[in-house]
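In what follows, a structure is listed as structure tokens, so that the remarks can point back to it.
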2 protein chains.
Amino acid sequence: MPSSKNTQFAVAVHVLTYLAGQAEGGPVSSDELSASTNVNPVHVRRVLGPLREAGLVCSRPGVHGGWELARPAGDITLARVWRLLQGDDQVLGLHGPNPDCPVGRGVQRSLTAIDGAVAEAVAAELERSTVQDVLTREVRGARPVPGQA
Amino acid sequence: MPSSKNTQFAVAVHVLTYLAGQAEGGPVSSDELSASTNVNPVHVRRVLGPLREAGLVCSRPGVHGGWELARPAGDITLARVWRLLQGDDQVLGLHGPNPDCPVGRGVQRSLTAIDGAVAEAVAAELERSTVQDVLTREVRGARPVPGQA
DNA sequence: TTAATTCGTAATCACAATAGCTACAGTTAG
DNA sequence: CTAACTGTAGCTATTGTGATTACGAATTAA
């Protein structure tokens with residue numbers, strides 16, 4: 001079960017949504033963001049680092065510094081955020097089968113391909129929501145998925 | 001990012017595929033399965049436990065005991081396996097936002113809904129492959145995903 | 001019956017990932 | 001200069017995963 005305890009994606013979405021709601025109020029400090037998300041301010045900064053490098057947010061040190069969205073909330077899809085924080089990690093976990101076992105090699109290859117397809121499916125689903133959608137809680141209705149109840 | 005280091009799904013698919021390939025040869029022991037998957041025999045048994053309870057495999061103790069598929073490999077979808085091992089865990093990790101923060105509450109609700117939709121998307125993708133498919137390495141071509149490259 | 005084999009499971013250990021926390025250097029506004 | 005921030009580097013606590021050992025129960029062969 002992939003289930004990670006990794007909450008960075010959730011924290012990132014939370015922070016971005018918060019920033020979207022404060023768009024007119026100037027920069028927001030890590031401390032304020034950490035109070036809302038209930039995580040450590042240092043952790044907030046660590047999560048926001050990759051998003052800044054990707055141009056989604058910007059930060060300023062100094063007295064009235066803090067964080068701001070660098071682009072409209074409606075332009076930031078959750079898929080973008082997920083990919084930035086996901087890196088190249090696999091969605092389903094793989095294992096290291098015995099390389100001498102032909103079954104193992106075949107299974108490994110199949111699973112790698114399937115993992116890629118699953119990652120695409122996840123991204124496609126997340127592509128359907130933006131930070132703006134989360135802010136307005138207007139999460140677009142789930143598309144009926146073929147072959148599934 | 002979901003990425004767990006959990007390899008139970010991969011191990012389960014591996015073992016099921018191995019059993020499918022040995023369908024005529026009688027029960028296969030945990031030791032033999034552990035040699036192919038490169039994981040501990042105890043771990044193999046632990047992973048296989050839920051699959052046995054779900055009626056996918058059966059096991060027998062004793063001298064010529066071991067594991068066998070309890071149904072045709074073509075009837076076992078990877079989605080079934082994933083759901084059995086996934087339990088109720090979230091795909092994307094959530095966090096515990098400050099309950100006093102209205103933004104936090106809204107984000108939490110949105111993320112929970114989105115997580116459900118993503119889980120459905122993953123399951124739908126995995127519904128497209130069976131253990132038989134993995135055995136023959138004939139992984140069905142990826143369906144073009146709407147709204148995604 | 002006895003011995004060998006194999007599952008079932010508990011207990012313990014090692015390792016890695018996550019995130020909390022402290023500390024401190026660098027920046028900026030006033 | 002000073003206060004308020006970010007940016008990082010450590011260190012620690014907690015947790016999840018899986019290896020390992022151990023032992024009991026079930027089954028088969030002799």
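The structure displayed is predicted, hence computed values, not measured ones. Below, chain A is the first sequence line, B the second, and so on; all start at residue 1.
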(message) Nearest to the side chain of V42(B), heavy atoms from C-beta on, is which of dT6(D), dG30(C), dT20(D)?
(response) dT20(D)
(message) Nearest to the P61(A) side chain among dC21(C), dA10(C), dC5(D), which nucleotide is it?
(response) dC5(D)
(request) Hey, could you give me the CG/CD distance between D75(B) and Q132(B), rounded to the nearest 0.5 Å? (result) 10.0 Å
(request) Would you please confirm or rule out a distance under 4.0 Å between OP1 or OP2 of dG30(C) and any side-chain N or O of H64(A)? (result) yes
(message) Side chain of T7(B), heavy atoms from C-beta onward: which of dT28(C), dG18(D), dA4(C) has the nearest atom to it?
(response) dG18(D)
(message) Given dT6(D), dC7(C), dA19(C), identify the nucleotide with an atom nearest to the side chain of W67(A).
(response) dT6(D)
(request) Take the protein atom CG of L51(A) and the nucleotide atom P of dT6(D), then report the distance between them rounded to whole Å. (result) 15 Å
(request) Tell me which nucleotide among dG7(D), dC7(C), dT5(C) gets nearest to the side chain of R45(A). (result) dG7(D)
(request) Can you tell me the distance, in whole Å, between the CG atom of N40(A) and the C1' atom of dG7(D)? (result) 14 Å
(request) Starting at CZ of R45(A), measure out to OG of S29(A) and round the result to the nearest 0.5 Å. (result) 9.0 Å
(request) Please report, rounded to the nearest Å, how far the C1' atom of dG20(C) is from the CD atom of Q8(A). (result) 13 Å
(request) Take the protein atom NE2 of H43(A) and the nucleotide atom P of dT8(D), then report the distance between them rounded to whole Å. (result) 16 Å
(message) Using heavy-atom distances to pick each residue's nearest nucleotide on DNA chain C, tell me which of G65(B) and R46(A) is more 5'.
(response) G65(B)
(message) Does a side-chain N or O of N6(B) approach OP1 or OP2 of dG18(D) to a distance below 4.0 Å, or not?
(response) yes
(request) Return the value, rounded to whole Å, for the distance between atom CZ of R52(B) and atom P of dT6(C). (result) 17 Å
(request) Rounded off to whole Å, could you give me the CZ-to-C1' distance for the R60(A) and dG7(D) pair? (result) 16 Å
(request) Would you please say whether a donor-acceptor pair under 3.5 Å links the side chains of D115(A) and T112(A)? (result) no
(message) Assess, by modelled atom type and distance only, whether the side chains of H95(B) and T37(A) contain a donor and an acceptor separated by less than 3.5 Å.
(response) no
(request) Could you check how far CD of E53(A) sits from C1' of dT8(D), rounded to whole Å? (result) 13 Å
(request) Calculate the interatomic distance between L33(A) atom CG and dC5(D) atom C1'; express it in whole Å. (result) 12 Å
(message) Let me confirm one number: the CD-CZ distance from E68(A) to R52(A), rounded to the nearest 0.5 Å.
(response) 13.5 Å
(message) Does a side-chain N or O of S59(B) approach OP1 or OP2 of dG8(C) to a distance below 4.0 Å, or not?
(response) yes
(message) Return whichever of S30(B) or N38(A) has its heavy-atom-nearest nucleotide of DNA chain C closer to the 5' end.
(response) S30(B)
